[in-house]
Amino acid sequence: MASKLLRAVVLGPPGSGKGTVCERIARRFGLQHLSSGPFLRESLGGGGGGAFAGGRRRGRDIFPLPSAVWLHPCCFPASHSNFCPAACPGFPRTLGQAKALDGICELDLVISLNIPFETLKDRLSARWVHPASGRVYNMDFNPPQTQGVDDLTGEPLVQREDDRPEAVAARLRKYKDAAKPVIELYKSRGILHSFSGTETNKIWPYVYTLLSSKIPPVLSGEEH
């Protein structure tokens, strides 16, 4: 039987860097990072997004939900061995979703990213995406090589309706209202770990240290 499995989620408002944190967790802890788009389109018939990280390492079976949920595959029916078809990006975003997740398995820890409102507003307003793959660019700190087009395909980038400046404030307020009871739930269980800051590179070392105390990394946590 495999050693104890880590079941964790990464929570945070839109633009908080969940995807970046997920990619780094996957890389540093020897997991495979996959785009959620193809899996969600196959399962749900189109749409979707978020970051998947999953794989099998050192006897641990770790399967994904969008935005970094790692779960043991026995939590799901055999027909859903690769992913959870009912999951949605940012899961769990609401108290109802958190309680539904309780019915699947018990979480070991929850990582919450706390980013100032102004920072989120600036990040989201500068964010453009490649619709087919879900690749995200930020015109301030992660721009495409050629303005307006995806680095890999050369296809046009788009700005999502809810990333436009006029929509961002309402979107963040909605997240805050929905997420508050979710965060309180996990805090009451003693599994919530909150990290605050304006830069992912400065938050990441603390996330890495936390996870390193739970599972052994395969690479150091340094990012350049």
Side-chain angles (χ1 to χ4, degrees), residues 1-26 28-31 50-55 57-76 83-84 86-117 119-120 172-218 221:
M1 180 66 181
S3 59
K4 187 178 185 297
L5 298 158
L6 180 69
R7 300 175 176 89
V9 297
V10 177
L11 302 178
S16 60
K18 295 187 298 295
T20 299
V21 169
C22 295
E23 290 174 358
R24 291 182 181 183
I25 291 173
R28 297 302 176 186
F29 290 89
L31 309 178
F52 268 83
R57 181 175 69 83
R58 298 181 184 177
R60 293 184 179 86
D61 295 317
I62 307 176
F63 276 26
L65 291 175
S67 292
V69 134
W70 291 275
L71 301 171
H72 190 280
C74 70
C75 294
F76 306 112
F83 57 95
C84 177
C88 62
F91 188 91
R93 287 185 175 180
T94 67
L95 186 59
Q97 290 175 359
K99 290 180 177 180
L101 183 57
D102 284 343
I104 298 175
C105 69
E106 181 179 353
L107 295 177
D108 297 305
L109 66 88
V110 174
I111 295 169
S112 178
L113 304 179
N114 301 320
I115 314 298
F117 175 85
T119 300
L120 293 172
L172 293 176
R173 284 194 299 268
K174 182 178 180 180
Y175 170 84
K176 182 178 179 180
D177 291 342
K180 184 177 180 180
V182 177
I183 291 172
E184 289 299 323
L185 173 67
Y186 293 135
K187 183 178 180 180
S188 70
R189 294 178 180 176
I191 60 173
L192 182 73
H193 300 264
S194 297
F195 301 93
S196 301
T198 59
E199 299 178 34
T200 301
N201 282 346
K202 293 183 178 180
I203 293 174
W204 166 248
Y206 298 100
V207 175
Y208 175 83
T209 297
L210 170 66
L211 289 173
S212 295
S213 70
K214 308 294 183 181
I215 55 175
V218 297

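Below, each value reflects all heavy atoms present in this structure, side chains not excepted, and no hydrogens, waters or symmetry copies.
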About how many Å separate [atom2] of [Y] and [atom1] of [X], when rounded to the nearest 0.5 Å?
X: Arg28; Y: Ser212; atom1: CZ; atom2: OG; value: 10.5 Å
X: Glu23; Y: Thr200; atom1: CD; atom2: OG1; value: 10.5 Å
X: Ile215; Y: Asp108; atom1: CD1; atom2: CG; value: 10.5 Å
X: Lys214; Y: His193; atom1: NZ; atom2: NE2; value: 5.0 Å
X: Leu109; Y: Ser213; atom1: CG; atom2: OG; value: 8.0 Å
X: Ser196; Y: Ile115; atom1: OG; atom2: CD1; value: 7.5 Å

Ignoring hydrogens and geometry, is there a side-chain-to-backbone donor-acceptor pair from Glu184 to Lys180 under 3.5 Å?
-> no

Are any side-chain N or O atoms of Lys18 and backbone N or O atoms of Gly12, one a donor and one an acceptor, separated by less than 3.5 Å?
-> yes

Side-chain heavy-atom pair [X], [Y] within 4.5 angstrom cut-off:
X: Ile25; Y: Leu211; result: yes
X: Ile203; Y: Leu113; result: yes
X: Leu95; Y: Leu185; result: yes
X: Phe195; Y: Ser112; result: no
X: Pro14; Y: Leu120; result: no
X: Trp204; Y: Lys202; result: no
X: Arg24; Y: Asn201; result: yes

Shortest non-hydrogen separation from Pro92 to Tyr186 and the atoms involved | CG-OH, 3.6 Å

Could you tell me which non-hydrogen atom of Gly197 sits nearest to which non-hydrogen atom of Pro116, and how far apart they are?
->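 Smallest heavy-atom distance, with atoms named: O-CD, 3.3 Å.
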
Kindly determine whether Leu11 and Val182 satisfy side-chain contact (heavy atoms from CB on, under 4.5 Å), including the steps that lead there.
-> CA-CA 9 Å; Leu11 302 178; Val182 177; 4.1 Å; yes

Between Arg189 and Asp102, is there a salt bridge with N-O shorter than 4.0 Å?
-> yes

Apply side-chain contact (heavy atoms from CB on, under 4.5 Å) to the pair Ile111 and Val21, showing each step before the final yes or no.
-> CA-CA 10 Å; Ile111 295 169; Val21 169; 5.6 Å; no

